[in-house]
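Contents: one structure, followed by commentary.
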Amino acid sequence: MSLSNKVVIVTGASSGIGAAIAQVLAREGATLALVGRNVANLEATKKNLKGTQAEIVVADVTKDADAIVQQTLAKFGRIDVLVNNAGILGKGGIIDLDIEEFDAVLNTNLRGIILLTKAVLPHLLKTKGAVVNVSSCAGIRPFAGALSYGVSKAALDQFTKIVALEMAPQGVRVNSVNPGFVVTNIHRNIGIVDEEYNGVLQRAINSHPMGRVGDVTEVAEAVAFLASSKASFTTGALLPVDGGKNNLTPR
Ligand code: NDP
């Protein structure tokens with residue numbers, strides 16, 4: 001197993017892609033700190049894990065970075081990998097931008113990741129560990145009408161590359177996965193209702209050259225690769241997991 005004896009913090013482990021990341025990392029032998037705000041959902045994630053140690057860490061990534069680190073260290077004594085997966089969507093483009101929502105998106109998708117990475121890095125330096133950020137294809141290419149989200153993910157991608165450069169001489173790797181559309185709660189959480197959702201999904205299917213959307217496990221497998229020593233000479237990389245959406249002309 002590629003992550004045996006590794007202690008991994010996974011934020012946003014209570015839902016969607018984060019829950020799948022927990023599953024795949026557990027299969028690879030990782031010991032997990034499962035971070036999120038919804039206790040019932042974190043417990044559901046933990047219940048689905050087989051044969052691994054997991055600690056539930058109820059925390060808000062926008063303000064609890066030190067508590068996340070302390071609880072993980074108190075339970076497991078070390079940190080080998082940080083997976084910054086927690087994130088939220090925003091609605092609208094420049095004309096209808098709600099600046100409070102913009103602040104919330106940037107706070108979660110960028111500032112929260114910076115705070116937690118800063119708090120975890122001293123421990124990753126001891127273990128020669130790794131950071132994997134869950135960005136988006138929206139970090140690499142622009143999508144009209146997704147201003148807050150696209151700006152947050154593009155900035156996150158630059159953060160990934162800068163911190164990778166800073167940490168490379170000290171043996172800590174920093175990479176990101178950049179998924180295309182994946183069916184999770186994230187779209188409904190911004191108020192997309194059933195009638196709209198089918199249209200959103202169909203447009204997403206049509207916009208991926210492979211003619212389908214992604215699955216949470218496909219993203220999780222890419223995270224597991226970047227987290228493990230299989231990716232020992234890879235740092236500063238943005239790995240699209242998007243059916244060709246960033247690199248090929250959409251149909
Ligand atoms: P979900 O809405 O299913 O899950 C989001 C997760 O983030 C939840 O576990 C939620 O936990 C957590 N979260 C949000 N805000 C906070 C916070 N302040 N503190 C702690 N945890 C928080 O979405 P996905 O699984 O789809 O998204 C996961 C990541 O994947 C995000 O970064 C997203 O941008 C990215 N992504 C998703 C795509 C998609 O199409 N689904 C495409 C490209 C990227 P809780 O509610 O317990 O706090």
Side-chain angles (χ1 to χ4, degrees), residues 9-24 32-46 48 56-65 67-68 71 82-91 101 103-116 119 131-141 143 146 148-157 159-160 176-192 197 200-201 203-205 207-208 212-220 222-223 238-243 245-246:
I9 296 176
V10 181
T11 69
S14 48
S15 178
I17 292 170
I21 291 170
Q23 284 259 336
V24 170
L32 297 168
L34 306 171
V35 181
R37 296 164 300 182
N38 186 312
V39 190
N41 289 349
L42 288 169
E43 278 166 358
T45 299
K46 183 176 173 179
N48 283 331
I56 288 176
V57 180
V58 182
D60 183 329
V61 293
T62 65
K63 46 189 179 208
D64 298 327
I68 294 168
Q71 190 177 335
L82 168 63
V83 179
N84 284 309
N85 164 76
I88 56 174
L89 274 179
K91 287 192 289 263
E101 187 186 72
D103 288 343
V105 171
L106 270 286
N107 209 13
T108 305
N109 295 4
L110 181 65
R111 190 172 184 276
I113 289 177
I114 293 172
L115 290 175
L116 186 55
V131 177
V132 183
N133 294 323
V134 179
S135 180
S136 168
C137 58
I140 299 174
R141 66 183 285 180
F143 293 95
S148 311
Y149 188 71
V151 167
S152 74
K153 295 297 191 178
L156 173 61
D157 289 348
F159 174 75
T160 296
S176 85
V177 295
N178 293 61
F181 193 103
V182 178
V183 175
T184 67
N185 291 332
I186 200 167
H187 307 99
R188 294 184 190 272
N189 286 346
I190 56 164
I192 296 177
Y197 188 77
V200 170
L201 182 58
R203 281 195 295 282
I205 289 168
S207 73
H208 291 70
R212 65 173 177 89
V213 295
D215 180 79
V216 289
T217 306
E218 293 174 308
V219 180
V223 170
L238 313 179
L239 175 57
V241 183
D242 65 357
K245 194 167 169 119
N246 274 311

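Atoms within each ligand, like the ligands themselves, are counted from 1 in listed order.
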Checklist entry - Just how far is it from atom CD1 of I88 to atom CG of L106, taken to the nearest 0.5 Å? => result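 Rounded to the nearest 0.5 Å, the CD1-CG separation comes out at 9.5 Å.
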Next on the checklist: Taking 4.0 Å as the limit for heavy-atom contacts, which would you say applies to T108 with ligand 1: side chain only, backbone only, both, or neither?
Outcome noted: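 The side chain, only.
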Item to check | Proximity to ligand 1 by part of S135, non-hydrogen separation under 4.0 Å | outcome: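 S135 to ligand 1: backbone contact only, side chain stays beyond 4.0 Å.
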Which pairs would a plain distance check flag for residues 33-44, meaning a side-chain donor or acceptor within less than 3.5 Å of a matching protein atom at least two apart in sequence or in another chain?
{"residue": "N38", "atom": "OD1", "partner": "A40", "partner atom": "N", "Å": "3.2"}
{"residue": "N38", "atom": "OD1", "partner": "N41", "partner atom": "N", "Å": "2.9"}

Going by the atom numbers of ligand 1, which of them fall below 4.0 Å from some non-hydrogen atom of [X]?
X	answer
V134	29 (C), 30 (O), 32 (O), 35 (C)
S14	8 (C), 9 (O), 10 (C), 11 (O), 45 (P), 47 (O)
N38	45 (P), 47 (O)
F181	40 (O)
G16	3 (O), 25 (O)

Pick whichever of [options] has a heavy atom sitting closest to [atom].
atom	options	value
atom 20 (C) of ligand 1	G12, A59, G18, G180	A59
atom 28 (C) of ligand 1	N85, N84, D64, I113	N85
atom 2 (O) of ligand 1	N189, I190, T45	N189

Between ligand 1 and [X], can you find any atom pair, the residue atom being a heavy atom, that is separated by under 4.0 Å?
X	value
N185	yes
T11	no
A19	no

Item to check | Audit row: N107, T62, side chain to side chain donor-acceptor pair (under 3.5 Å) steps and yes/no | outcome: CA-CA 6 Å; N107 209 13; T62 65; 4.5 Å; no
Item to check | Plane angle bin for H187 and Y197 - parallel if under 30°, tilted between 30 and 60°, otherwise perpendicular | outcome: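 It falls in the tilted class, 30° to 60°.
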Checklist entry - Of the non-hydrogen atoms in A22 and T45, which two are nearest, and what is the gap between them? => result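 Minimum heavy-atom contact is CB-CG2, 3.8 Å.
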Checklist entry - Of the options N178, T160, N85, which is the one that meets N133 in a side chain to side chain donor-acceptor pair (under 3.5 Å)? => result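 So the option named by the test is T160.
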